[in-house]
Each structure stands twice: as structure tokens, then as C-alpha cells.
Amino acid sequence: GPGIIEPDALAAGFVTDGAGRIDERFEELQRFGAHGGARLTGPLGAARGGPCVAKWPGFPQPSPVLTLEPEEIRSAVRAALHEDIGSGDVTTLACIPPEATAAAVMNAREPLTLAGLAFAEAAFRELSPNVRLRRLAEEGAGIPAGGGVLEIQGSARAILTAERVALNFVQRLSGVATATAQYVAAVAGTTARILDTRKTTPGWRRFEKYTGACGGGTNHRVGLHDL
């Protein structure tokens, strides 16, 4: 059967061939993945954060992926903001006037496969419903170093207070998508597929499986109930 590569196994330096055999090819795949040259596209509807469908030349299309609902995104963002803000952002409240406005751009520091914009947007809107947001890229897109992904305009207090939570979501989820995209590139043109696993961050399984699909991977079992 086709080879199956699990990102968790790759992280440990192993690749399975679908029959349970193990092959130590991580370094080879890592080198190839960095220079495989596969092109990734995957525009995504902004309202729901999914589905993120990646298309790779000569590569079998992944199965339908889970879709993140707006409410589960907002719930995760609210919890993260509560964790970070606590009783109040003392620095921003002390230094920034309530009426001050600001504009900012979220840029990529290094090449990446984008994921998590809906979480960033939810973070800014949670603190200021009137904030103006404009996407400069869509989920699943390959972003070069220095490339912009999101423009933000509005309350300076809201932007500064939500900034870290917004960045944390985009950095973490884009990291999963980027790593997956490298392994997908490594097997482009073959019959192998990159499958995700249940070895996810507790409480973030749906988010990480969604972003794996943004990187061109195929969603596998969501839980023990799933065959």
C-alpha cells in the first residue's frame, strides 16, 4: 500500500511504510522537504476558518477536513485573553489614552505556511468590535519572510492588549502547518500521504488537525471513537 508518514514519527526520526516497518529517513526527507519546490494554494472563507484545502501538483488530494466553527474559535480566544489579561493590562492602561488609535501589520519573520488568522481576528474583535481588519493572505498560503498577513486599525489599547494572544495563535498554528507542508513536499509525486495523529496538544486537537490540513496533510482519526 502507499507509504504513510506521520509527523510525530518524523519528529522522532522515523518513517513508517504503511505496513508497520520503520525506516530512518528523517534527514533525507528534511533536506528534500526544504527544497522540494511544491507549490501550495488554498484560499479559505474568512467567516468559518475552514475548510483549508491544499493542492499539490501530482499529489493525491486529502480527504475532506474538519471545519472550525466560529464559536469554538471565540471560546478558545476568550480563554486565552482571560489568561493573559487577568485583572487588566497595567502597562497599556497606564500609558495609552483611551481615545488613542493605532494601525499595525502582522508580518512573517521567516517563510511559513499560514494558519490561524481567524483566531487573531477574533482576539482583536473581542476587545474592540469596531476594529478594522484586512487579510493580506489566506489560510494555507505560503508566505515569504517579511510578507504581510493581516492589517489592523482601531483602538490602540485593544490592539496592544490583544497582540500577544493573536500572535501566539498564528505562530503555533502556522508552525504546525509549515512543518506539515515540508513533509508533504518531501513525498510530492509519490503515492504516500501525510496523515495526522491523535498526538496533539491537549484541548487543541481540532485546531491542530485543521492546521495540518492547511499544510496539505490528510486528517486521520479525530479520537478513539473514530475508525
Side-chain angles (χ1 to χ4, degrees), residues 7 40-54 64-86 89 92 102-143 147-181 196 199-217 219 222:
L40 177 66
T41 62
L44 149 95
R48 292 172 64 84
C52 194
V53 180
V65 299
L66 59 83
T67 298
L68 300 181
E69 297 295 336
E71 186 51 42
E72 67 180 313
I73 293 173
R74 285 193 294 267
S75 178
V77 165
R78 287 170 184 154
L81 287 170
H82 177 72
E83 175 184 61
D84 199 38
I85 298 171
D89 179 353
T92 296
V105 178
M106 186 181 295
N107 295 319
R109 286 189 176 180
E110 57 188 70
L112 56 82
T113 299
L114 182 61
L117 273 186
F119 293 85
E121 292 167 334
F124 292 117
R125 287 189 175 125
E126 186 69 22
L127 297 188
S128 177
N130 296 323
V131 69
R132 294 185 298 277
L133 303 170
R134 185 169 77 93
R135 288 192 178 195
L136 304 178
E138 291 296 338
E139 306 276 82
I143 308 298
V149 298
L150 184 67
E151 288 183 351
I152 311 103
Q153 296 182 30
S155 164
R157 281 188 171 184
I159 291 173
L160 289 171
T161 300
E163 171 194 17
R164 175 42 52 196
V165 167
L167 288 172
N168 283 352
F169 276 109
V170 173
Q171 287 174 329
R172 170 65 182 175
L173 298 177
S174 292
V176 174
T178 301
T180 304
D196 56 29
K199 301 171 187 175
T200 53
T201 304
W204 273 49
R205 179 167 298 172
R206 284 176 54 82
F207 303 157
E208 292 179 351
K209 282 182 172 288
Y210 161 77
T211 52
C214 286
N219 288 153
V222 174

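Not measured: the values here are computed from a predicted model.
Closest of all the heavy-atom pairs between I73 and A122 is CG2-CB, 4.1 Å. In this structure, F169 and A80 approach most closely via the heavy-atom pair CE1-CB, 3.8 Å. Considering every non-hydrogen atom in both E121 and L150, the closest pair reads OE2-CD1, 4.0 Å. Of all heavy-atom pairs between L114 and C214, the closest is O-CB, 4.3 Å. Here the closest heavy-atom approach between residue T211 and residue A115 is recorded as CG2-CB, 3.5 Å. Between E72 and L68 the shortest heavy-atom distance is OE2-CA, 3.3 Å.
In terms of modelled atom types and a separation under 3.5 Å, the side chain of S155 and the main chain of A158 share a donor-acceptor contact. Of the possible polar contacts, none joining the T113 side chain to the G142 backbone as a donor-acceptor pair under 3.5 Å is found. E126 places no side-chain N or O within donor-acceptor distance of the main-chain N or O of R74, the cut-off being under 3.5 Å.
To the nearest 0.5 Å, the span separating CG on N168 from CD on E83 amounts to 9.0 Å. In this structure, CD1 in I85 is found 13.5 Å from CZ in R164, a value given to the nearest 0.5 Å. Note that CG of L112 is 12.0 Å distant from CG of L173, once rounded to the nearest 0.5 Å. The CG atom of L127 lies 11.0 Å from the CZ atom of R78; values are rounded to the nearest 0.5 Å. For the atom pair K209 NZ and T200 OG1, the distance stands at 7.0 Å (nearest 0.5 Å). To the nearest 0.5 angstrom, I152 atom CD1 is 12.0 Å from R132 atom CZ.
By the 30° and 60° cut-offs, the orientation of the rings of F207 relative to F119 is perpendicular.
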Notebook entry, point to check: Stepwise, does the side-chain contact (heavy atoms from CB on, under 4.5 Å) test hold for R135 with V149?
Noted result: CA-CA 6 Å; R135 288 192 178 195; V149 298; over 6 Å; no

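The number of heavy-atom neighbours closer than 6.0 Å to CD of E71, taken from other residues, nucleotides and ligands shown, is above 12.
A salt bridge between R172 and E208 is present, with a side-chain N of the basic residue lying under 4.0 Å from a carboxylate O of the acidic one.
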